[in-house]
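Working notes, beginning with the structure itself.
Note: hydrogens, waters and symmetry copies are ignored here, and every other heavy atom, side chains too, is used. These numbers come from a predicted model, not from an experiment.
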Amino acid sequence: MKKGFSLMVLGMAVTVMAACGGNGEEDTNNVNNTTNNNEDNHANTEEAALDGELVVYSSRNETFVQALLDKFSEETGVEVRALHDADPLQIQEEAGNVQADVFISNDLGALEYLNQQELLEGTDPENVDTIDEQFRAENNEWIAISARARGFIYNKDLISEEEMPTKMEDLLDPEWADVENGYAITRGGNGGMIGNVSALRYEWGDDQTAEWIQAIQENSAGIFEGHGDIRRAVGAGEHAFGLVNNYYYHQQLEEPTDNNVGFIYTDQGDDEMGAIANAAGLGMVAGSPNEENAKAFIEWVLEEENQLAFVGESLEVPINTNLEPPYEEAVPFSELSVQDMPLKELGNYFEDTRTLIEDAGLDLELR
């Protein structure tokens, strides 16, 4: 198994630790009116002391985020205003007139890019040590909460496991345009695709990666807005297979119909690069208009019951190794060969990757 990310036992079947809503690990910066020594009452009083609003920009699917935001609002009384499907570059565009307090991303490359532009601000939440240092910025400008790996979801009625591609490099071959009903990819601007292309640039360099982008653009039968569209289309037999994050396979298995699907984790052979991994996380925007609420939100998210709430319906794998993956069929990362690339490297590729994708035309049309 490769070093780095693959050494993290993200999927260990460990008993879930007690939820920490009443363990006193809340934000103490916003509390000045309680002397109650009972930790549960102390937590409730701290939460009650919060007021005002919190503005969250999120590039994740609204389905995965809104319930978490509603939970925070219900428990604290803070009004949460959310902009879903936000482009990370909007944070950059608004740097002179900051609107957002917190940015939630499904791509660590976007978070690290914003951090490199000094658009995120460091925090010091109590429970941050539950997240290994490799999954957070140096001063906790961003913190990753949940992880996933890339691969191919396929329809078992259209193609067998033995007939499937097994490596990212396989998609350079035009033969995959000829499979029954073809294969599907997301548009280039999708966060998962940006991370995927950045990882290939790290592994292959720009020339081969540009060839790969051109090949999938020409040979795919469907280019979709998001991975949820792909997993449903593959499940329904509209396409033989599609390139997605592994948790979309988990989601399709849970559908009452169209669930005869399998999944291929890519590049698992000897001397192959391993599956491309990424993570979702959050950071506080520099100059946050509601800084105290932003810090309180990050502190709150790091309570272990809320780390699981962050994973939520996505069926990803928690990065905190003390937490059991919420989906029993998830393959532990400890059992996978994962690309040996520090995830912080994604930030170094983020901007140029977008340019590479745009130059190849992958983000210009859906089909």
Side-chain angles (χ1 to χ4, degrees), residues 59-65 84-85 106-107 146-161 163-168 170-172 176-200 212-267 275-278 280 313-317 327 329-331 357 360-367:
S59 62
R60 280 170 68 78
N61 189 306
E62 180 176 353
T63 304
F64 303 158
V65 175
H84 298 286
D85 298 320
N106 60 353
D107 173 29
S146 58
R148 73 276 187 161
R150 299 284 279 174
F152 302 122
I153 185 174
Y154 65 95
N155 187 302
K156 294 181 178 180
D157 294 326
L158 295 178
I159 190 170
S160 68
E161 181 176 0
E163 295 171 314
M164 281 288 296
T166 61
K167 304 188 297 294
M168 284 288 173
D170 288 343
L171 295 188
L172 285 165
W176 300 108
D178 298 328
V179 299
E180 183 179 358
N181 291 1
Y183 70 89
I185 58 174
T186 54
R187 65 184 182 86
N190 178 277
M193 181 61 83
I194 291 172
N196 194 129
V197 173
S198 291
L200 294 181
W212 185 86
I213 295 172
Q214 193 63 39
I216 64 173
Q217 181 185 357
E218 293 176 355
N219 298 327
S220 63
I223 299 179
F224 289 85
E225 182 71 25
H227 295 95
D229 302 317
I230 291 179
R231 59 112 170 157
R232 285 185 286 269
V234 170
E238 296 171 15
H239 296 293
F241 68 91
L243 176 59
V244 298
N245 299 324
N246 60 331
Y247 59 91
Y248 287 94
Y249 162 61
H250 302 158
Q251 292 170 19
Q252 197 61 31
L253 286 177
E254 292 300 295
E255 293 288 351
T257 60
D258 297 339
N259 55 20
N260 189 28
V261 293
F263 193 79
I264 302 291
Y265 288 92
T266 60
D267 296 277
I276 292 172
N278 206 328
E313 295 185 12
S314 73
L315 304 185
E316 291 174 299
V317 177
Y327 190 62
E329 300 300 321
V331 175
I357 288 171
L362 182 56
D363 205 29
L364 298 182
E365 59 183 74
L366 307 178
R367 61 172 180 263

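- With rounding to the nearest 0.5 Å, the separation of CG in L253 from CG in N259 is 7.0 Å.
- Taking each heavy atom of S146 and E316 in turn, the nearest pair found is OG-OE1, 2.8 Å.
- Of all the heavy atoms in I194 and G189, the pair that sits closest is CD1-O, 3.6 Å.
- For the atom pair CD (E180) and CD1 (I159), the distance works out to 9.5 Å, reported to the nearest 0.5 Å.
- Taking OG1 of T266 as the reference point, atom CD1 of I276 lies at 6.0 Å (rounded to 0.5 Å).
- The closest donor-acceptor contact from the side chain of Q252 to the backbone of D258 lies under 3.5 Å.
- Judged by distance alone, the side chain of W176 and the main-chain N or O of D170 form a donor-acceptor pair under 3.5 Å.
- Side-chain contact between I357 and I213 is present, with heavy atoms from C-beta onward closer than 4.5 Å.
- Taking 4.5 Å as the limit, some side-chain heavy atom of N196 sits within range of a side-chain heavy atom of W212.
- With hydrogens and angles disregarded, a donor-acceptor distance shorter than 3.5 Å links the side chain of N181 to the backbone of G237.
- No donor-acceptor distance shorter than 3.5 angstrom exists from the side chain of N260 to the backbone of K156, with no hydrogens or angles considered.
- Side-chain atoms of H250 come within 3.5 Å of backbone atoms of L315 as a donor-acceptor pair (strictly under, hydrogens ignored).
- F224 places none of its side-chain heavy atoms less than 4.5 Å from the side chain of R232.
- E62 places none of its side-chain heavy atoms less than 4.5 Å from the side chain of D85.
- A distance-only check finds no donor-acceptor pair linking the side chain of N190 to the backbone of R187 [under 3.5 Å].
- Proximity of L362 to I216: side-chain heavy atoms (C-beta onward) are separated by under 4.5 Å at one or more points.
- Interatomic distance, L158 CG to E163 CD, rounded to the nearest 0.5 Å: 10.0 Å.
- When all heavy atoms of A275 and A149 are compared, the closest pair comes out as CB-CB, 4.2 Å.
- Residues R150 and N245 have side chains that bring a donor and an acceptor to within less than 3.5 angstrom of each other.
- Here Q251 contributes atom CD and N246 contributes atom CG; the two are 10.0 Å apart, rounded to the nearest 0.5 Å.
- When each of Y183, F241, Y248 is checked for a ring-ring contact (aromatic ring centres under 6.0 Å, His included) with F152, only F241 meets the rule.
- Taking each heavy atom of A280 and R60 in turn, the nearest pair found is CB-NH1, 3.1 Å.
- Proximity of a side-chain donor or acceptor of D267 to a complementary backbone N or O of M168 within less than 3.5 Å is detected.
- Shown here for V234 and N155, the closest heavy-atom pair between the two residues is O-ND2, 2.7 Å.
- To the nearest 0.5 Å, the span separating CD on E238 from CD1 on I230 amounts to 11.5 Å.
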